[in-house]
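Worksheet for the structure shown next.
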Amino acid sequence: AGVLTIGRREDSTTFDPIKSAQNVDNWVFSNVFDVLIRVDRTGTKLEPGLAESWTISDDGLIYTFKIRDAKFSDGSPITAADAAFSLLRIRDNEGSLWSDSYKIVDTAEATDDKTLVVKLKTPSAPFLSTLALPNVSVLSKKALEEAGEEAFAELPTAASGAFTVKEWRRGDRVILEKNPNFWQADRVKLDGVEWISVPDDNTRMLNVQAGQLDTAIFVPFSRVEELKKDPNLTVHSDTSTREDHLLINHEHGALGNKDVRQALDMAIDKKAIVDTVTFGIGEVANSYVPKGSLYHYADNYQYPYDPEKAKAMLAEAGASDLMLDYVVNAGNEVDEQIAVLLQQQLQKAGVTVNLQKVDPSQSWDMLVAGDYDISVMYWTNDILDPDQKTTFVLGHDTNMNYMTRYKNDKIKNLVAAARLELDPKKREDMYIEVQTTAKNDVHWIDLYYSPYINISRKNIENFYQNPLGRFFLEDTVKN
Amino acid sequence: MHRYKFVLTRPLQFLPVLFGISVITFILVRLIPGDPARNLLGTRATPTAIANIRAQYGLDQPMWLQYFYFLKNLANGEMGKSILYKIDVLKLIATRIEPTTALVIASVILSIAIAVPMAAIAARNEGRAPDHAIRILSTFGIGFPPFWIGLMLMMLFSLELGLLPVSGYGSTIGEKLVHLILPSLTVALSLSTVLTRSLRAAMIESLKSDVATAARARGMPERIVFWRHVVPNSLVPTINLLAVNIGWLIGGTVVVESVFAVPGMGQLLVRAIFSRDYMVVQGVAMVFAGATVLVNFLADIITVAVDPRVRL
Amino acid sequence: MSAPVLSVRNLKVDVHLDSGVRSLIDGISLDLGKGEILGLVGESGSGKSLFCRALVRLLPSSLMKVESGSIKLEGRELTEISDPEMLQVRGGEIGMIFQNPSSHLDPVMKIGGQIAEGIRYHQGLNARDARAAAIEIMTQVGFSDPVSQYDSYPHEFSGGMRQRAMIGVALSCNPKILIADEPTTALDVTIQAQILRLLMEIRDQRGLSIIVITHDLGIVAQTCDRIAVMRRGKLMEEGPKRTILSRPQNPYTINLVNSHPSMPDTTAPTQTAAAKLANPVKPLLEIDDLHVRFPAGGGILRGSTAKTISAVSGVSLQIMPAETVGIVGESGSGKSTLARAVLGLTPISSGHVTFDGTDIAQQKHAGLTKLRREAAMVFQDPYNALNPRLTIGQMLAEVLKVQGKFAARDIPTRIDELLDLVGLERDFANRKPKSMSGGQCQRAGIARALAVDPKLIIADECVAALDVTIQAQIIDLFRDLARKMNLTLIFIAHDLAIVRNLCERVVVMYRGEVVEEGRSEELFARPKHPYTAALIAAIPDIDPDKPLVTGANTGPAGPIKSVKRIP
Amino acid sequence: MSILALANLSIAWRKFLAKRLTLTLGAGILLLFFLIAVGAPVIAPYDPILQNGDVRLQAPSLLHPFGTDNFGRDILSRVIWGARIDLQIAIIGVLFPFVIGTTVGTFAGFFGGIADTLIMRLVDIILAFPFLVLMLSIIAILGPGLSSFYIAMALVGWVSYARLIRAQMLVLKNSDYAVAAVSLGFSRPRIMFRHLLPNAIAGSIVFSMSDAVLVLLGGAAVSYLGLGVQPPVAEWGVMVAEGQSFITTAWWITLFPGLSIVCLAFGFSMVGDGLGEMLGMHE
Ligand SMILES: Nc1ncnc2c1ncn2[C@@H]1O[C@H](COP(=O)(O)OP(=O)(O)OP(=O)(O)O)[C@@H](O)[C@H]1O
Ligand SMILES: Nc1ncnc2c1ncn2[C@@H]1O[C@H](COP(=O)(O)OP(=O)(O)OP(=O)(O)O)[C@@H](O)[C@H]1O
Ligand SMILES: [Mg+2]
Ligand SMILES: [Mg+2]
């Protein structure tokens with residue numbers, strides 16, 4: 001019982017799931033709307049959501065879902081038609097930010113109230129995973145059309161998830177109330193949830209320490225040690241899919257040379273970064289597929305930290321006086337700290353680094369334009385399947401392999417093939433190959449993985465999120 | 001009354017200022033590198049998705065045409081649609097305007113409440129210990145950044161003493177007032193230093209003025225001389241200083257709003273700038289500018305009311 | 001004399017500066033009888049104001065201290081009473097009227113409120129009774145409509161009315177002694193006469209004792225019973241008015257009395273003028289139907305509902321070479337504006353100004369160039385007319401350089417010459433205005449005007465701020481210069497006595513118009529216009545037997561009708 | 001020079017001190033900072049950007065009097081080197097606005113008319129413009145770095161000076177000595193720059209001292225939003241901003257640079273007050 005208050009950085013921007021690509025929104029969508037298929041707590045398995053069960057045709061093109069007996073919060077039944085509507089809407093709606101990801105859907109039809117048939121244009125191994133995305137949540141066609149898209153985005157009139165939206169005080173908080181019509185209503189212990197925006201990290205922590213918030217998310221690494229000492233608090237560390245990595249612009253001079261990139265990898269002391277920046281909380285990364293995720297290759301090669309050798313390799317490659325422009329995201333504490341650290345580490349290998357601190361929007365522009373040599377970025381998975389990230393990072397897609405301009409046809413073909421391969425064992429092998437090749441080519445430099453760190457008051461139980469970020473507030477208890 | 005004739009004519013002079021501001025913000029935000037569409041899409045942005053969004057918000061049109069639409073909207077009392085929040089900018093601002101206004105007003109009141117007695121003590125003890133103490137103290141007020149002062153206040157009043165809420169805004173009037181104490185105190189601590197300095201100088205001058213001498217010569221005790229003659233005569237320059245600083249003050253709430261999680265326009269503005277939400281930046285800039293102009297106008301009215309000699 | 005109300009013995013005031021202790025009031029002893037008016041005269045800086053402030057413990061600086069002496073008010077020793085008791089004395093027993101009502105009245109408080117304030121505080125009346133009492137006082141000091149004027153602010157009144165208000169404020173606490181510190185210096189003669197008369201009336205009605213501080217012996221002669229002369233903090237001489245004026249003992253007093261301009265002047269400058277008129281020449285300056293209008297509302301103090309203010313309306317004048325012409329008229333009559341317009345410093349609305357044959361409106365460039373090389377102005381306020389950042393030498397050198405009439409090499413010599421000419425020591429070249437007295441600044445201003453080597457000098461009230469002794473020196477200087485250098489001089493003043501002494505011809509201005517014009521001795525002897533007559537009558541004469549006449553005696557602030565009314 | 005003359009000189013000096021205590025004290029503080037800035041390479045015990053993983057987040061001690069930051073850099077050394085940047089920020093950040101504003105204000109006030117109206121409208125616009133938008137956009141457009149900060153400061157800051165000088169000019173150009181200068185046939189530039197400007201400028205000089213403080217703070221605010229001086233350069237505002245995540249655990253990271261800002265600000269405002277007294281502003 002009770003209302004759980006959660007402090008976070010920013011407030012929601014909308015309640016129309018297809019119109020946002022931000023975690024701030026997605027994490028609330030998951031509380032309010034249910035999906036056909038969910039990702040479990042470990043982040044490695046899919047489990048039934050509103051779809052009770054499903055079958056896949058042998059050619060991998062036709063998916064048939066059986067919709068569970070469930071109701072929207074307004075009391076109307078959740079039907080296969082609603083599910084079809086939601087799936088087609090995210091593909092076709094003008095304002096959808098996700099249409100590209102669902103272009104693979106050819107048709108989606110409700111053959112009866114409880115049966116949804118989806119036909120794909122091509123087979124796709126990750127398709128089921130994409131259905132777990134909060135953005136493709138099942139919305140009530142009727143409610144949406146009655147309220148109108150805009151009003152619905154302001155305050156959804158029908159929820160399919162554990163909570164309904166009671167009030168949204170813009171800029172301040174989203175107030176959720178238990179949805180009595182939720183199909184798992186007895187699982188939900190809380191009367192409601194308030195997502196409260198407290199932008200300043202220190203203030204947010206202080207709120208929990210002073211007992212004015214039950215929980216707070218986005219705990220800075222630097223605060224963990226100290227907060228652990230507070231007897232009123234529990235510090236949670238939940239596995240995430242976050243990986244921080246150093247982008248390298250392969251088109252810039254010596255950086256096109258694999259030996260130079262390998263030398264750079266060896267010049268970087270990732271352990272020191274983990275210790276300094278994450279206060280030992282993170283873990284050195286060895287692959288672009290995060291640890292604990294599907295098909296992560298634990299034995300992937302790891303370049304040793306060896307600045308002397310790096311220096312020698314650079315000299316051999318004729319790049320002994322390497323000068324690099326390093327684009328740093330302003331306002332991001334972690335990024336800035338990594339930059340300062342890397343600058344000194346690379347100096348030891350004879351590489352001069354110019355830091356260029358710009359605001360994040362601008363750094364995007366510079367990365368896209370290729371106006372950089374190196375830059376640190378991070379990625380968190382939206383879906384359980386590695387395909388999404390792999391395609392973006394190594395699929396030789398329209399985004400120049402995540403702005404690195406990395407080129408390797410072998411990898412390109414491998415990524416495309418893995419997407420179509422439906423046999424999990426074979427797929428796993430393919431992904432291991434992708435991981436080792438990418439590592440050898442140093443398409444980018446993997447730095448570290450880090451968990452989600454949240455705090456809660458001692459009276460809060462079962463407050464956790466899965467690696468994809470979903471908060472399981474239906475399990476949370478406030479004593 | 002004749003003295004107040006300017007109340008009717010002055011607003012006409014606001015128009016060019018607001019127009020100028022609209023042009024400058026419009027151009028400025030678009031000159032900043034960065035793309036609202038990419039921001040919205042985040043890491044997964046694909047070129048087609050970006051083009052799609054740009055088209056939706058008319059960002060693919062030539063600049064002059066965009067400005068034309070902007071003006072056309074403005075004439076209809078609209079300011080376009082937020083790219084980030086997908087709703088009408090005016091509607092969005094309407095939800096955020098109250099906390100900022102309340103914060104600014106509370107800060108001004110509080111700074112006056114701090115500055116007047118401080119300046120009075122300093123001026124009446126010119127060159128002596130209390131005067132020096134206040135001047136040193138007031139330098140501290142500006143030297144330490146608001147986020148530092150804010151945090152210290154929070155730790156003291158909320159964590160240690162448990163007297164006041166840490167942050168936020170509240171929903172009832174009472175709650176709001178309680179929530180505003182710390183943030184407005186934070187602003188006031190730096191604003192009042194500026195005011196104290198100006199007021200102190202004006203008071204010292206007034207204390208030595210013929211007006212004060214004349215009052216003393218008719219046997220008025222120092223208390224009456226000070227409050228009835230010196231203070232009113234020192235107010236005008238300070239009011240004008242406050243008015244000039246109001247733009248800075250409104251801008252200054254940005255940091256305080258984010259430290260204290262006040263859901264106001266400052267926070268909205270920062271988020272809008274960083275996500276290149278052009279329409280919102282324009283809208284908020286116009287509202288801020290309008291407020292500044294309005295406050296200066298009010299200052300004019302107060303000046304005329306306080307000092308019967310002034311005509312505008 | 002009955003037992004004195006106030007009795008000061010051996011009062012000493014010192015100022016303690018870093019550089020040492022300086023004595024400002026040096027052992028002054030004085031008595032003030034009941035119902036008596038005592039005139040305190042002396043040069044600027046002699047300690048007159050300080051003496052009076054010392055009485056009520058209102059010294060202007062914390063560095064000053066009453067060192068010794070006694071001040072007895074009706075037997076009570078004021079030097080020993082506590083500060084709260086002193087509050088009762090100030091205002092309640094001793095009231096003060098200050099020289100400059102504009103700066104001593106609170107600009108943001110209603111006139112009535114300022115009068116009522118003292119009443120409420122000293123007599124403990126409630127707001128309503130205090131208001132009634134204040135209105136009563138306002139009537140007494142000559143407000144025509146006290147009930148509505150009660151709610152007016154100081155800036156809405158003329159200087160004369162403000163001074164009346166100041167007197168009202170002083171009277172509000174019902175004091176036994178009134179100290180009037182130069183109460184009329186800022187006012188013109190007609191108003192001055194009214195105020196002085198008011199003071200005497202109040203004395204008669206209330207039986208007050210009054211100390212009048214002034215540097216004008218004429219005022220003393222007209223109003224006071226006894227005179228005390230101060231110089232450098234010391235009392236020079238003291239005694240009944242007639243004794244002092246007719247048989248001054250102290251050399252300083254003798255000098256003071258002799259330099260008063262209202263003394264019959266034996267060396268009238270008429271012969272030279274007559275000689276010049278014998279052979280008529282072209283006028284140097286010709287003013288034809290000159291109008292200068294200012295947009296209304298710009299003048300903060302005189303804002304009116306009219307669209308424009310006619311500061312000068314339809315003035316025509318001819319000034320002959322080597323002539324000395326005086327322009328007189330009350331404050332605001334347009335004298336300065338006329339002068340500035342003639343020199344092209346204020347735009348002309350209509351009419352013509354021809355200087356030495358060139359119309360400066362039509363041939364603007366040529367006219368102004370000529371004017372700037374051949375005409376110069378001496379400004380009313382000696383301090384403000386000099387750039388505070390330049391030394392006198394730098395200032396003169398700059399003028400000489402720009403005018404280009406001297407080779408750079410000769411400039412230093414020329415500066416020395418100029419300083420000699422105006423009677424300043426040569427080392428003044430290195431001094432800045434701040435370190436100079438008003439009279440010295442005025443001389444520097446004249447030196448600057450002479451540096452142009454002009455044919456025409458316009459001197460705008462250049463002696464109003466100075467005390468008589470210095471006034472006399474400057475007048476002499478002008479007279480000398482006019483004679484030696486064949487200067488044409490236009491001398492603006494509101495002090496008719498000086499004009500009569502110096503000028504051959506007098507022009508009387510009233511509300512922007514010339515109401516009368518003529519040869520000095522004639523105009524002063526037989527004024528044709530009633531306004532001129534009123535002005536002349538209002539000059540306080542040093543002869544106590546020529547009684548003071550308030551302007552046409554039309555009661556308080558009675559307006560004097562112009563012949564032609566301006567719309 | 002004889003002993004007597006020396007004694008006289010020292011007496012005169014002491015008198016000057018007594019009279020100009022504020023100014024002297026302020027100037028002394030500024031001089032101290034200047035010396036620290038100049039002598040940084042000699043005074044600073046450590047390299048300000050050298051990281052040392054062994055001594056991270058150490059509280060003040062004998063070895064590190066101001067403690068160390070999260071990279072193990074010596075705060076004292078960083079504060080000392082920071083004096084270089086911050087003095088530069090304060091001086092350059094005031095100099096350009098001062099020169100531009102004074103020039104513009106002089107012309108606007110002296111000539112009046114259309115130019116004046118246009119300039120004053122521009123001033124109104126800039127004053128009414130949210131400072132932050134302007135600052136952030138200019139920095140973003142020009143690219144990060146100190147020079148952009150200076151340009152942004154100059155573009156925004158000249159307004160105050162222009163207003164001050166213009167107001168003074170409007171008064172002074174009607175003063176008797178200005179009119180006297182006209183009547184003596186002086187040229188306009190001569191009147192403007194030799195006669196009026198020196199008399200008009202006192203207020204601006206005094207203001208520039210408090211402006212220096214504001215510029216320092218502006219720098220700190222920009223740093224808070226992450227767009228200040230480029231790392232790893234030591235600058236107090238950035239140090240304070242960087243230290244905010246350690247406020248509760250390592251207070252020394254923010255306190256010492258914060259105090260340095262306060263002291264420098266104090267020096268500037270003392271000089272401002274002192275100049276004000278000297279130039280007769282408060283009389
Ligand atoms: N605040 C002050 N500090 C130091 N000396 C002062 C101060 N005020 C006046 N004095 C000096 O005291 C002396 C007497 O001044 P006081 O004002 O009494 O002269 P006064 O006779 O009234 O002259 P005036 O006719 O010009 O009003 C002068 O030498 C003057 O310089
Ligand atoms: N710049 C101006 N703007 C508006 N009105 C002005 C201006 N200058 C003068 N006046 C008005 O013109 C009239 C004449 O002023 P002027 O200064 O010529 O008088 P004056 O005879 O020299 O008086 P005083 O004896 O006081 O010096 C006054 O009513 C004055 O208020
Ligand atoms: Mg005096
Ligand atoms: Mg005049």
Side-chain angles (χ1 to χ4, degrees), chain A residues 7 10-14 16 19-23 94-101 149-150 153-154 167-173 196-200 202-204 206-213 331 358-366 368-369 377-380 382 388 392 397-399 402, chain B residues 32-50 52-53 55-56 82 84-88 91-92 94-96 99 147 150-151 154-155 158-160 162 165-171 255 257-265 267-268 270-271 273-277:
Chain A
E10 287 171 319
D11 188 37
S12 294
T13 68
T14 180
D16 191 338
K19 290 187 181 162
S20 176
Q22 314 203 22
N23 279 344
E94 212 199 359
S96 169
L97 305 184
W98 295 92
S99 27
D100 283 347
S101 307
E149 265 190 18
E150 262 185 45
E154 287 275 287
E167 196 190 341
W168 180 16
R169 290 196 214 137
R170 275 190 187 271
D172 183 21
R173 66 190 62 194
I196 299 169
S197 141
V198 184
D200 189 278
N202 288 320
T203 311
R204 203 164 52 248
L206 216 60
N207 264 304
V208 185
Q209 287 176 291
Q212 285 176 8
L213 289 179
V358 298
D359 97 285
S361 275
Q362 192 179 345
S363 68
W364 271 118
D365 258 25
M366 297 175 74
V368 171
M377 295 294 266
Y378 72 88
W379 176 286
T380 53
D382 298 319
Q388 184 200 31
F392 264 88
D397 212 348
T398 44
N399 71 347
Y402 211 61
Chain B
I32 310 178
D35 182 349
R38 181 171 290 279
N39 250 292
L40 195 61
L41 291 163
T43 34
R44 294 94 179 113
T46 59
T48 46
I50 290 176
N52 180 22
I53 291 174
Q56 257 183 66
S82 161
L84 183 61
Y85 297 94
K86 286 115 203 148
I87 65 166
D88 198 70
K91 213 163 138 191
L92 188 63
T95 62
R96 300 292 202 95
F147 64 79
L151 203 74
M154 266 183 220
M155 303 226 288
S158 312
L159 199 62
E160 294 299 323
V166 179
S167 71
Y169 188 54
S171 48
V255 171
E257 276 181 16
S258 69
V259 169
F260 285 95
V262 179
M265 292 205 293
Q267 273 201 63
L268 180 66
V270 171
R271 201 169 169 189
I273 292 180
F274 283 131
S275 54
R276 306 290 188 268
D277 197 345

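The shown structure was predicted, so the numbers you read here are calculated from the model rather than taken from an experiment. All chains are named by letter (A, B, ...) in the order of the sequence lines, taking the proteins before the strands, and each is independently numbered beginning at 1.
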Might you confirm whether atom CZ of A/F392 has over 12 heavy atoms from other residues, nucleotides or ligands at distances under 6.0 Å?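 More than 12 heavy atoms, drawn from other residues, nucleotides or ligands, come within 6.0 Å of this atom.
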
Interchain contact, A/Y378 with chain B, by part (heavy-atom threshold 4.5 Å):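 It is the backbone, since no side chain atom gets that close.
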
Sort A/S363 into side chain, backbone, both or neither according to what part of it lies under 4.5 angstrom from a heavy atom of chain B.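 A/S363 has no heavy atom closer than 4.5 Å to chain B.
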
Residue among B/N39, B/V262, B/I273, B/L268 with most heavy-atom pairs under 4.5 Å to chain A: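 Max contact count across the listed options: B/N39.
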
Using a cut-off of under 4.5 Å on heavy-atom pairs, state which of B/S158, B/S171, B/G162, B/G264 scores highest against chain A.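 That would be B/S171.
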
Within the structure provided, determine whether B/P165 and A/Q212 are in side-chain contact (heavy-atom separation under 4.5 Å).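 Yes, side chains in contact.
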
If you take all heavy atoms of [X] and [Y], which pair is closest and at what distance?
| X | Y | result |
| --- | --- | --- |
| B/L41 | A/A21 | O-CB, 3.7 Å |
| A/S197 | B/Q267 | OG-OE1, 4.3 Å |
| B/P47 | A/T398 | CD-OG1, 3.3 Å |
| B/R271 | A/E10 | NE-OE2, 3.2 Å |

Heavy-atom cut-off 4.5 Å, strictly under: side chain, backbone, both or neither for [X] against chain A?
| X | result |
| --- | --- |
| B/I87 | side chain |
| B/S275 | backbone |
| B/N52 | side chain |

Sub-3.5 Å donor-acceptor pair from the side chain of [X] to the main-chain atoms of [Y], do we have one?
| X | Y | result |
| --- | --- | --- |
| A/S361 | B/F274 | yes |
| B/Q56 | A/E94 | yes |
| B/K86 | A/K19 | yes |

Between atom [atom1] of [X] and atom [atom2] of [Y], what is the distance when rounded to the nearest 0.5 Å?
| X | Y | atom1 | atom2 | value |
| --- | --- | --- | --- | --- |
| B/D35 | A/W364 | CG | CH2 | 11.5 Å |
| B/K91 | A/E154 | NZ | CD | 4.5 Å |
| A/Q209 | B/M155 | CD | CE | 9.0 Å |

May I ask you to name which of [options] has the most heavy-atom pairs under 4.5 Å with chain B?
| options | result |
| --- | --- |
| A/P360, A/S99, A/A153, A/G95 | A/G95 |
| A/V368, A/T380, A/D172, A/D359 | A/D359 |
| A/N399, A/L213, A/D382 | A/D382 |
| A/M377, A/R173, A/R169, A/Q388 | A/R169 |
| A/L97, A/I196, A/T14, A/D16 | A/L97 |

Under the criterion side chain to side chain donor-acceptor pair (under 3.5 Å), which of A/T203, A/D200, A/N207 is the partner of B/S167?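 Running side chain to side chain donor-acceptor pair (under 3.5 Å) over A/T203, A/D200, A/N207 with B/S167 returns exactly one hit, A/N207.
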
Evaluate the criterion side chain to side chain contact (heavy atoms under 4.5 Å, CB included) for residue pair A/D365 and B/R276; output intermediate values, then yes/no. CA-CA 12 Å; A/D365 258 25; B/R276 306 290 188 268; over 6 Å; no

Let me see the working for B/T46 and A/D397 under side chain to side chain contact (heavy atoms under 4.5 Å, CB included), right down to the final yes or no. CA-CA 9 Å; B/T46 59; A/D397 212 348; 5.6 Å; no

Might you work through the side chain to side chain contact (heavy atoms under 4.5 Å, CB included) test for B/L84 and A/Q22, ending with a clear yes or no? CA-CA 10 Å; B/L84 183 61; A/Q22 314 203 22; 3.0 Å; yes

